[in-house]
Amino acid sequence: RRPRAAVTYSVELVTDDTAFAELAPDWSRLYERCAAATPFQSHAWLHSWWLSYGSRGRLRLLLVRDGRELVAAAPLMRVRRPVPTLVPLGGAISDCGDVLLDDERGEEAVTALTEGLAAAARTALIDFREVRPGGAAERIYDRWRGPRRRVSDSLCLELPAVPMEELVARLPSAKAQRVRAKLRKLTALGVERQVVRPEEVDTALRRLLELHRLQWQGRKVTSEHLRPRFCDHLVRSVGPMVRSGDAVVTEFRLGEDVVAVDLTLLSRRLAGGYLYGAHPRLRESKADVAVMLLDACAEHTRTGGRGTLSLLRGNEPYKHHWRPEPVLNQRLLLARRRTAPLLSATLCDVAARRRGK
């Protein structure tokens, strides 16, 4: 590490789409040096999301550099409703939001990013959504000098990153026996899985989305997953993420037919099953799709030193069969004194929505 007295940080606000694309090499190096980062903070994911969902003139990337080296970044955009706010890129389709901070840097880099955010916010509130406990944005929150509030956000369910046999061993005896029987059933049916090669990822993802549409046909589904812009984003982002080790796509076959495709996202600390598609014939064959997918996801935790196998957001009953640990994402609200009324208005909205639920 360079002597502290020799380090001077520059802060830059990027609002240009082209400049965002050109940041990929610098961003990727910083991403690798931030242990708290999730795949939703990778350049491939965020830039692709912006191309599908961003609005011209709204981009706000706050960058902190030591010379040419990128040491901190806050990927944000400005929205006007319900109040003027800076919010993380990634939107509702991203399970985690955060900033990036170089782990090798001291508090000076945190201070530079915090002060840069205060200047960039001007008349807007800063609203960091879906920050995992231990996220880098917590360091910004701790250093913030103006009004601030921390409220709970979405619930995630998480398991230890251990092989499937250890996940089964955590269950009560009777449940463990049923899961082992379901695993044997998958073998007896002849279900085989194969990790998709990088050059075949685009085709596999389109197949995933088609199978996802089939499996939810006639039932309530997240409508965004069926839209062309989501397909464009997924195909555009996941290929580079597979090549960099931030994602893995798995196909499941019965004979010559692909009957399911799974997308698992990877980071230094966690593996998380993001989206899958399964043909209805799998369930008609009495195959337990949830067991099949978890078995494949757990396989990706055998290497890499990850501590968490995340079931990501959602409190679906089937997830609780595995005795997961509930983990609440956080919402970190930061205001300046002049924007304190915006903070109050947002907190009132949060309270009203909770009463509504």
Side-chain angles (χ1 to χ4, degrees), residues 9-28 30-31 37 39-65 68 70-101 112-131 136-137 140 144 146-147 153 223-224 227-237 240 331-343 345-346 349:
Y9 295 110
S10 62
V11 181
E12 175 188 5
L13 184 65
V14 171
T15 60
D16 178 69
D17 296 16
T18 303
F20 188 8
E22 294 171 349
L23 278 169
D26 289 349
W27 196 283
S28 297
L30 173 59
Y31 174 80
F40 302 104
Q41 282 76 62
S42 68
H43 185 273
W45 183 269
L46 291 175
H47 183 251
S48 175
W49 181 91
W50 177 256
L51 293 177
S52 284
Y53 296 92
S55 299
R56 184 177 295 274
R58 303 286 183 86
L59 186 64
R60 300 291 188 273
L61 302 178
L62 194 69
L63 311 178
V64 178
R65 294 184 184 272
R68 294 185 177 182
L70 187 63
V71 299
L76 305 171
M77 70 175 186
R78 186 179 176 93
V79 297
R80 298 192 181 100
R81 295 179 181 178
V83 298
T85 311
L86 294 180
V87 299
L89 301 184
I93 64 170
S94 300
D95 288 66
C96 302
D98 209 347
V99 301
L100 294 176
L101 290 167
L113 184 60
T114 305
E115 293 176 352
L117 284 167
R122 301 178 65 188
T123 58
L125 180 70
I126 299 174
D127 186 357
F128 287 119
R129 298 294 305 267
E130 305 295 358
V131 179
I140 304 298
W144 192 259
D153 218 334
S223 59
E224 187 58 37
R227 291 178 177 156
R229 64 181 182 181
F230 180 77
C231 177
D232 292 343
H233 160 65
L234 212 62
V235 170
R236 190 169 46 228
S237 63
R331 185 175 183 181
L332 307 179
L333 295 158
L334 309 174
R336 300 177 66 175
R337 296 196 183 280
R338 72 178 75 170
T339 54
L342 303 182
L343 175 59
T346 300
D349 181 65

Minimum-distance pair of heavy atoms, taken over all atoms of [X] and [Y]:
{"X": "P341", "Y": "R337", "result": "CD-O, 4.3 Å"}
{"X": "H43", "Y": "S28", "result": "CB-OG, 4.5 Å"}
{"X": "V83", "Y": "A345", "result": "CG1-CB, 4.4 Å"}
{"X": "S237", "Y": "A44", "result": "CB-O, 3.5 Å"}
{"X": "V99", "Y": "A74", "result": "CG1-CB, 3.8 Å"}
{"X": "A136", "Y": "L101", "result": "O-CD1, 3.7 Å"}

I'd like to check the side-chain hydrogen bond (donor to acceptor under 3.5 Å, both in side chains) partners of [X]; sequence neighbours left out, ordered by chain and number.
{"X": "E130", "answer": "S154, R313, N329"}
{"X": "T339", "answer": "none"}
{"X": "D26", "answer": "R29, R65"}
{"X": "D17", "answer": "W50"}

With a 4.5 Å limit on heavy-atom distance, are the side chains of [X] and [Y] in contact?
{"X": "L51", "Y": "R236", "result": "yes"}
{"X": "F230", "Y": "S52", "result": "no"}
{"X": "Y9", "Y": "L113", "result": "no"}
{"X": "L63", "Y": "L70", "result": "yes"}
{"X": "L117", "Y": "L76", "result": "yes"}

Has D98 got a side-chain atom pairing as donor or acceptor with V131's backbone, closer than 3.5 angstrom? no

Polar side-chain atom of R58 near backbone of V79 as donor-acceptor pair, under 3.5 Å: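 Such a contact is absent between R58 side chain and V79 backbone.
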
For R227, check side chain to side chain contact (heavy atoms under 4.5 Å, CB included) against everything at least two apart and list the hits. S223, E224, R229

Suppose we screen for side chain to side chain contact (heavy atoms under 4.5 Å, CB included). Which residues come up paired with T15, at least two apart in sequence or across chains? L13, R60

Nearest 0.5 Å, what's the [atom1]-[atom2] distance between [X] and [Y]?
{"X": "R336", "Y": "L342", "atom1": "CZ", "atom2": "CG", "result": "12.0 Å"}
{"X": "L46", "Y": "Y53", "atom1": "CG", "atom2": "OH", "result": "13.5 Å"}
{"X": "L125", "Y": "L334", "atom1": "CG", "atom2": "CG", "result": "7.5 Å"}
{"X": "D95", "Y": "F40", "atom1": "CG", "atom2": "CZ", "result": "4.0 Å"}

Check the pair V14, E22 against side chain to side chain contact (heavy atoms under 4.5 Å, CB included), reporting the backbone distance first and the verdict last. CA-CA 11 Å; V14 171; E22 294 171 349; over 6 Å; no

Just say parallel, tilted or perpendicular for the rings of W27 and F20, cut-offs at 30° and 60°. tilted

Go through the side-chain N and O atoms of W49 and S94 and say whether any donor and acceptor fall under 3.5 Å apart. no

Walk me through whether L61 and L89 qualify under side chain to side chain contact (heavy atoms under 4.5 Å, CB included). CA-CA 9 Å; L61 302 178; L89 301 184; 3.9 Å; yes

Using the side chain to side chain contact (heavy atoms under 4.5 Å, CB included) rule, take W144 and I126 through it: C-alpha gap first, then chi angles, then the decisive distance, then the call. CA-CA 11 Å; W144 192 259; I126 299 174; 3.7 Å; yes

Do R129 and D153 pass the side chain to side chain contact (heavy atoms under 4.5 Å, CB included) test, and can you show the C-alpha distance, the side-chain angles, and the key distance before you say yes or no? CA-CA 7 Å; R129 298 294 305 267; D153 218 334; 2.7 Å; yes

